[in-house]
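The chains referred to below are lettered A, B, ... by the order of the sequence lines, with proteins before strands, and numbering in each begins at 1.
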There are 2 protein chains.
Amino acid sequence: MPRTSATKYALLGLLSCSPSSGYAMKKFIDESIRYFWTENYGNIYPALSALEREGLAVKQRAQTSGRPDSNVFTITAKGEKELDKWLAEPCLPQLVRSELLLKLFFAGRLSRGKAAALLKAELAKHKELLERYKKTGACISEHGRGDKAYWLLTLDYGRRHSAMVCKWCEHSLSILEKKS
Amino acid sequence: MPRTSATKYALLGLLSCSPSSGYAMKKFIDESIRYFWTENYGNIYPALSALEREGLAVKQRAQTSGRPDSNVFTITAKGEKELDKWLAEPCLPQLVRSELLLKLFFAGRLSRGKAAALLKAELAKHKELLERYKKTGACISEHGRGDKAYWLLTLDYGRRHSAMVCKWCEHSLSILEKKS
DNA sequence: GCGCCCATGTAACTAGTTACATGATTCA
DNA sequence: TGAATCATGTAACTAGTTACATGGGCGC
């Protein structure tokens with residue numbers, strides 16, 4: 001079974017919040033949900049054309065003073081129906097590929113210092129993420145209109161995930177230090 | 001910069017433990033490290049040919065009684081060097097795409113029951129994973145030769161991850177229930 | 001003979017990334 | 001005038017999945 005790319009639904013979801021352009025959606029994704037979703041232009045623009053072709057969104061040329069014109073897309077009733085259908089479907093099993101865990105799995109070949117360096121880099125990354133989540137939380141409380149519960153829920157996941165990784169790294173590093 | 005596929009290094013890593021065939025490596029991956037790494041035949045066989053072409057592994061035809069012949073690959077000194085170089089390099093930043101979090105982010109459109117169903121499915125999945133990790137832990141203690149510390153470390157990650165997801169699901173479900 | 005596991009491989013496909021090209025507007 | 005940001009798009013690429021084809025050996 002060919003699983004349709006989720007890009008389509010990510011864009012429909014964003015459009016269900018408010019009409020938007022490809023450029024603006026990319027920006028929103030990078031600034032707000034990058035910790036669990038990414039897109040790139042090479043993906044977005046063709047997907048938007050497809051949405052229009054399928055009648056799930058309509059395009060309008062919009063002019064804003066002081067900026068180039070943009071193509072603003074609005075979700076249609078058909079688009080909302082399609083989105084809701086997808087949202088209610090169970091998630092397809094996702095295969096994981098963690099380069100870090102793969103390296104660590106074979107890290108017996110490395111010196112302790114080099115193995116520790118991998119863990120320290122991961123620890124630093126997630127400490128920084130934890131800092132960023134604090135700001136995101138404040139941002140949602142300010143900007144979010146309507147039901148923020150689910151936004152906070154995904155944010156909570158991010159926080160718990162990074163906190164877990166930090167603890168695991170610290171624990172792993174302490175084990176490495178104890179080693180002969 | 002084109003990032004070389006990690007499949008190459010995954011296979012080199014496995015070969016650094018012991019000579020093996022593509023089929024056997026696929027089996028090992030599926031049975032032991034599926035929780036953080038996956039491969040499929042369409043990926044493995046071409047990668048093995050490439051390893052041979054680059055002089056990182058050598059192929060030998062092997063016959064086992066009662067089974068079809070197999071191509072057993074052995075890592076070369078050059079292959080080990082290449083592997084060690086890769087292992088010591090910092091991990092490239094990995095982009096995350098979680099279909100579950102994406103759905104949840106837009107779950108304000110769903111009934112509470114449907115949103116809860118997504119979480120319940122995830123909870124069930126990770127409860128089952130936790131069960132499996134127990135067995136894997138025992139398996140490593142028995143079979144693992146040499147330095148098991150790093151194997152246990154990746155397993156510890158899996159356990160912590162699934163435990164975190166379970167807690168997050170339960171917490172999220174309790175919030176959904178409290179909602180008006 | 002049939003179904004199952006062993007074993008290898010490829011072709012066609014879907015998905016996702018990167019690099020490039022274009023052009024507007026703003027600000028220093 | 002040059003750098004930065006806004007804005008759209010495509011072509012070429014890398015990566016990964018699925019489906020298919022083939023054939024040996026084993027047990028029923």
[X] side chain: which of [options] is closest?
| X | options | result |
| --- | --- | --- |
| Y41(A) | dG9(D), dA7(C), dG16(C) | dG9(D) |
| T38(A) | dA7(D), dG16(C), dT17(C) | dT17(C) |
| N40(A) | dC6(D), dT18(C), dG16(D) | dT18(C) |

Notebook entry, point to check: At their closest point, which heavy atom of W37(B) faces which heavy atom of E99(A), and how far apart are they?
Noted result: CZ3-N, 4.0 Å

Checklist line | Nearest heavy atoms of P19(B) and T74(B), plus distance in Å | finding: CB-OG1, 3.7 Å

What is the nucleic acid contact for [X], judged by heavy atoms within less than 4.0 Å: base, sugar-phosphate only, or nothing?
| X | result |
| --- | --- |
| G22(B) | sugar-phosphate |
| K8(A) | nothing |
| S21(B) | sugar-phosphate |

Notebook entry, point to check: If you round to the nearest 0.5 Å, how far is CG of L100(A) from NZ of K125(A)?
Noted result: 7.5 Å

Check: Are a donor atom and an acceptor atom from the side chains of R159(A) and T154(A) found within less than 3.5 Å of each other?
Finding: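 There is no such pair between these side chains.
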
Check: Once the angle between the rings of F28(B) and W151(B) is folded into 0 to 90°, is it parallel (under 30°), tilted (30 to 60°) or perpendicular (over 60°)?
Finding: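 Correct class here is perpendicular.
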
Could you tell me how far apart [X] ([atom1]) and [N] ([atom2]) are, to the nearest whole angstrom?
| X | N | atom1 | atom2 | result |
| --- | --- | --- | --- | --- |
| L11(B) | dG9(C) | CG | P | 13 Å |
| R34(B) | dT17(D) | CZ | P | 14 Å |
| Q60(B) | dT8(C) | CD | C1' | 17 Å |
| K26(B) | dT18(D) | NZ | P | 10 Å |
| N43(A) | dG9(D) | CG | C1' | 13 Å |
| Q94(B) | dG16(C) | CD | P | 14 Å |
| F28(A) | dA7(D) | CZ | P | 16 Å |
| D30(B) | dT17(D) | CG | P | 11 Å |

Notebook entry, point to check: Taking the six-membered ring for Trp, is the centroid-to-centroid distance between Y35(A) and Y157(A) below 6.0 Å?
Noted result: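 For Y35(A) and Y157(A), the ring centres are not under 6.0 Å apart.
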
Next item on the list: Verify the ring-centre separation between Y9(A) and F106(B): is it less than 6.0 angstrom?
Entry: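 Not close enough - the centres of the two rings lie 6.0 Å or further apart.
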
Margin query: Can you confirm whether E82(A) sits close enough to K85(A) that some side-chain heavy atom of one is under 4.5 Å from a side-chain heavy atom of the other?
Written below: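 No, every pair of side-chain atoms sits at 4.5 Å or beyond.
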
Note to self: Expected output is a numbered-order residue list: members of residues 66-75 of chain B with a heavy atom under 4.0 Å from any atom of DNA chain C. What is it?
What the structure shows: R67(B), P68(B), D69(B), S70(B), N71(B)

Checklist line | DNA chain C-proximal residues of residues 47-58 of chain B, any heavy atom under 4.0 Å | finding: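 Nothing qualifies; none.
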
Next item on the list: Report yes if a side-chain nitrogen or oxygen of Y23(B) is closer than 4.0 Å to either non-bridging phosphate oxygen (OP1 or OP2) of dT8(C); otherwise report no.
Entry: no

Notebook entry, point to check: So, is T64(B) close to the dC6(C) phosphate, meaning a side-chain N or O under 4.0 Å from OP1 or OP2?
Noted result: no

Would you be so kind as to tabulate the donor-acceptor pairs closer than 3.5 Å made by side chains of residues 46-62 of chain B, with sequence neighbours excluded?
| unit_1 | atom_1 | unit_2 | atom_2 | d |
| --- | --- | --- | --- | --- |
| S49(B) | OG | Y45(B) | O | 3.2 |
| E54(B) | OE1 | K8(B) | NZ | 3.3 |
| R61(B) | NH1 | N71(B) | OD1 | 2.6 |

Check: Transitively linked via ILVMFWY side-chain contacts under 4.5 Å: V72(A) with L11(A)?
Finding: no

